[in-house]
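In what follows, a single structure is set out as structure tokens and then discussed.
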Amino acid sequence: MSSRARISGRSYWFVVFHQLKHEPVALFSALLLLLIFLAAIFAPWLAPSDPYATSMIHRLQPIGSPDHLLGTDELGRDMLSRLMFGGRLSLLMGVAPVFMAFVIGTSIGLFAGYVGGKINMIIMRMLDVFYAFPSVLLAVAISGALGPGMMNSLFALTLVFIPQLVRVAESVTTQVRKLDYIEAARMSGARSFSIIRVHVLGNVLGPVFVYATGLLSVSMILGSGLSFLGLGVKPPEPEWGLMLNTLRSAIFKEPLIAALPGAMIFVTSIAFNLLADGVRSAMDIKR
Amino acid sequence: MTPIILQVRNLKKYFPVRANLFSREQKFVHAVDDISFNVTKGRTLGIVGESGCGKSTTARLIANLMPADSGAIIFNGEGVGEIGGLELKSFRKKLQMVFQDSFASLNPRLTISETISYGPMVHDTSKEDAHLQAHDLLAKVGLDPDLFASRYPHELSGGQRQRVNIARALAFNPEVVILDEAVAALDKSVQAQVLNLLQDLKAEFELTYLFISHDLHVVHYISDDVMVMYLGQIVEMGPVEQVYSEAAHPYTRALLSAIPSMDPAHRTQKSPITGDPPNPIHPPSGCRFHDRCEHARAICASLVPALMPVQSSHVVACHMNHPSSGYETSGSDVQYASAGATR
């Protein structure tokens with residue numbers, strides 16, 4: 001009796017989290033990401049030196065130098081400090097546009113899917129115009145039109161991801177809307193807003209969330225790409241993509257140092273992807 | 001004379017079919033075609049018919065889950081959704097529905113007690129009261145509230161979930177409950193338990209049921225009256241014992257003879273009706289059953305039979321049963337008449 005009572009009442013998200021604990025790869029990725037995020041967030045306190053302090057005589061010191069654990073860049077700035085500070089902007093480029101697009105895209109998708117009919121068709125065909133462009137090209141085009149700057153590239157990336165998330169949210173909402181429990185809720189005389197909030201949202205959020213976690217690495221790479229092209233963050237601000245660009249000249253002299261920002265982008269995006277895979281399989285449970 | 005709680009008047013629903021790219025002609029599926037009937041308070045009306053005959057559409061039209069093309073629903077003498085009539089939101093409380101798919105009709109993200117209390121909370125019951133009521137109702141439908149209230153639908157069996165759906169419908173304190181194939185997906189032993197539960201609840205809460213099913217045994221067991229539908233129209237209606245023992249319409253007779261017999265001596269190899277139901281986009285002219293009916297004559301293909309009483313409350317739409325219809329004098333040359341009519 002008591003054991004039966006104990007197994008009852010496990011919510012969906014509880015089960016998903018429980019399931020995630022059995023995925024070693026996802027757990028390791030989550031831990032790695034946690035370390036990277038902590039290093040970036042607490043960079044002002046953790047960084048060994050000022051990321052902006054240049055020193056002409058200490059240019060391009062190799063990895064493992066006594067004062068500079070990860071060497072220095074082409075202007076003699078400490079690489080470790082710059083990587084930690086650079087993580088702040090790069091991770092922001094990864095998380096912020098996806099989060100914004102998640103909120104906006106889910107809202108539009110829920111509305112379009114729930115209303116259905118002609119309104120749905122108009123919204124979706126309009127978004128298909130954005131969807132037709134490759135995301136890299138679209139991001140470059142929008143931030144090119146708006147001019148360089150971090151806010152503009154965040155805005156551009158958000159716009160790139162909105163249509164994709166709307167499409168996922170809309171298709172799931174369209175499926176959910178036809179189920180009997182929505183009919184039953186309508187039979188209760190509830191308003192559409194209440195039905196969407198209580199009955200539709202909870203069932204749409206899962207699949208959209210999985211899709212959005214998969215976009216985190218794409219967003220970070222696109223953001224770094226924009227900075228690399230000079231459309232995002234402006235020097236001397238540290239950002240992984242921009243650092244990769246400015247260190248290009250040193251690629252023959254100190255290839256390891258030139259590769260460091262790229263390695264950070266690579267490791268972080270792989271961790272994002274592996275975590276997203278883990279979440280996906282954890283959520284793929286019989287409900 | 002017991003009062004009539006629900007009147008359905010000339011209800012019609014045609015679904016448009018996407019026309020061929022090159023044809024201008026707009027086609028319609030005649031899902032529910034001009035049906036009228038009354039439901040008496042405290043009685044159970046069983047609605048039977050083949051799949052696609054419009055049973056579920058009728059239920060969804062009555063429940064206002066989809067708009068009717070024309071017709072009226074009159075509840076306790078008040079027109080539903082009409083000006084000066086019964087407001088839709090108050091009507092929702094009085095008429096509830098239980099669906100066939102017990103799993104799809106429960107939100108997988110809500111606990112059982114959240115699901116049951118959602119409805120009353122829409123109607124301004126406080127959260128605490130609604131949850132207390134949900135516990136009471138769970139006990140009423142035979143589920144231990146302490147064990148089930150905080151569970152999620154995936155942790156329940158089919159029969160338990162259908163009990164929850166019944167409790168959810170009862171939470172509104174309704175007067176009429178539509179049971180749309182509510183026991184069809186359950187296995188036989190669970191079906192019997194749920195049917196008995198429905199009988200008990202009906203007595204306790206003074207409910208009126210609209211029981212939609214394709215299972216003639218179940219309808220016989222639970223219904224007081226029965227309505228037989230064919231291609232969106234009523235072909236026969238009356239007290240269940242009378243219809244089952246003295247079926248007047250050839251279609252009803254065919255349906256009843258299709259019930260498998262428990263007696264091996266009565267085993268039959270012969271199929272009671274031949275062919276499939278006709279296409280509801282182009283229903284046959286005259287009596288819609290005439291092209292599958294062994295008694296059909298010329299008049300059946302040309303003249304639509306009206307519902308006429310054979311006994312006090314037993315009505316049937318068949319020319320054969322009405323001496324004045326001209327069936328007796330009509331020629332048997334159906335082929336010619338129907339070929340002319342279907343064109």
Side-chain angles (χ1 to χ4, degrees), chain A residues 1-19 106 110 114 116-118 121 172-210 283-287, chain B residues 56 59-60 62-66 87-124 144 146-156 161 164-165 168-169 171-172 174 177-178 180-181:
Chain A
M1 176 82 181
S2 63
S3 69
R4 281 187 71 194
R6 228 182 298 131
I7 61 147
S8 74
R10 291 193 297 192
S11 82
Y12 177 72
W13 291 104
F14 178 86
V15 176
V16 167
F17 185 73
H18 196 76
Q19 202 76 8
T106 308
L110 274 174
Y114 191 78
K118 284 209 174 70
M121 207 190 72
V172 181
T173 308
T174 307
Q175 285 169 22
V176 167
R177 186 177 62 117
K178 294 192 183 104
L179 292 174
D180 287 344
Y181 62 84
I182 302 298
E183 302 267 88
R186 287 176 56 205
M187 291 283 306
S188 71
R191 289 167 190 279
S192 297
F193 184 75
S194 160
I195 295 175
I196 291 177
R197 188 176 56 83
V198 179
H199 296 286
V200 184
L201 185 63
N203 292 287
V204 171
L205 227 44
V208 185
F209 180 75
V210 166
M283 287 174 88
D284 194 21
I285 43 176
K286 194 171 175 287
R287 292 180 285 144
Chain B
S56 288
R60 292 162 57 84
I62 295 172
N64 256 288
L65 283 175
M66 58 167 77
E87 214 182 310
L88 196 58
K89 193 170 174 179
S90 345
F91 174 65
R92 297 281 196 213
K93 280 177 77 173
K94 306 249 169 76
L95 183 134
Q96 279 296 308
M97 192 158 161
V98 177
F99 300 89
Q100 172 174 10
D101 188 338
S102 66
F103 191 56
S105 47
L106 293 173
N107 185 344
R109 297 282 187 277
L110 296 186
T111 63
I112 301 311
S113 92
E114 281 168 343
T115 288
I116 298 173
S117 54
Y118 176 75
M121 278 160 68
V122 167
H123 292 274
D124 303 324
D144 183 351
D146 297 328
L147 222 53
F148 287 94
S150 56
R151 286 204 187 180
Y152 286 84
H154 66 95
E155 298 170 315
L156 270 57
R161 281 198 294 262
V164 172
N165 282 317
R168 185 243 311 266
F172 294 88
V177 179
I178 301 177
D180 186 5
E181 302 273 12

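Chain naming here is simple, since letters A, B, ... match the order of the sequence lines and numbering starts at 1 in each.
The two residues Met187(A) and Ala63(B) have their closest heavy-atom pair at SD-CB, 3.5 Å. Nearest heavy-atom pair, Phe99(B) versus Asp180(A), reported as atom, atom and distance to 0.1 Å: CB-OD2, 3.6 Å. When all heavy atoms of Leu65(B) and Arg186(A) are compared, the closest pair comes out as O-NH2, 2.9 Å.
Both the backbone and the side chain of Leu95(B) come within contact range of chain A, with heavy atoms under 4.5 Å apart. Neither the backbone nor the side chain of Leu205(A) comes within less than 4.5 Å of any heavy atom in chain B.
Ranked by heavy-atom pairs shorter than 4.5 Å toward chain B, the options Val198(A), Leu179(A), Ile182(A), Val176(A) are led by Val198(A). Note: Ala104(B) leads Gly119(B), Ala104(B), Ala169(B) in heavy-atom pairs under 4.5 Å with chain A.
Separation of atoms OH (Tyr181(A)) and CZ (Arg109(B)) is listed at 7.5 Å; rounding is to 0.5 Å. Rounded to the nearest 0.5 Å, atoms CD (Glu183(A)) and CZ (Arg60(B)) are 4.0 Å apart.
Every pair passing side-chain hydrogen bond (donor to acceptor under 3.5 Å, both in side chains) that includes a residue from residues 188-199 of chain A is listed here, sequence neighbours excluded: Ser194(A)-Tyr118(B), His199(A)-Asn107(B).
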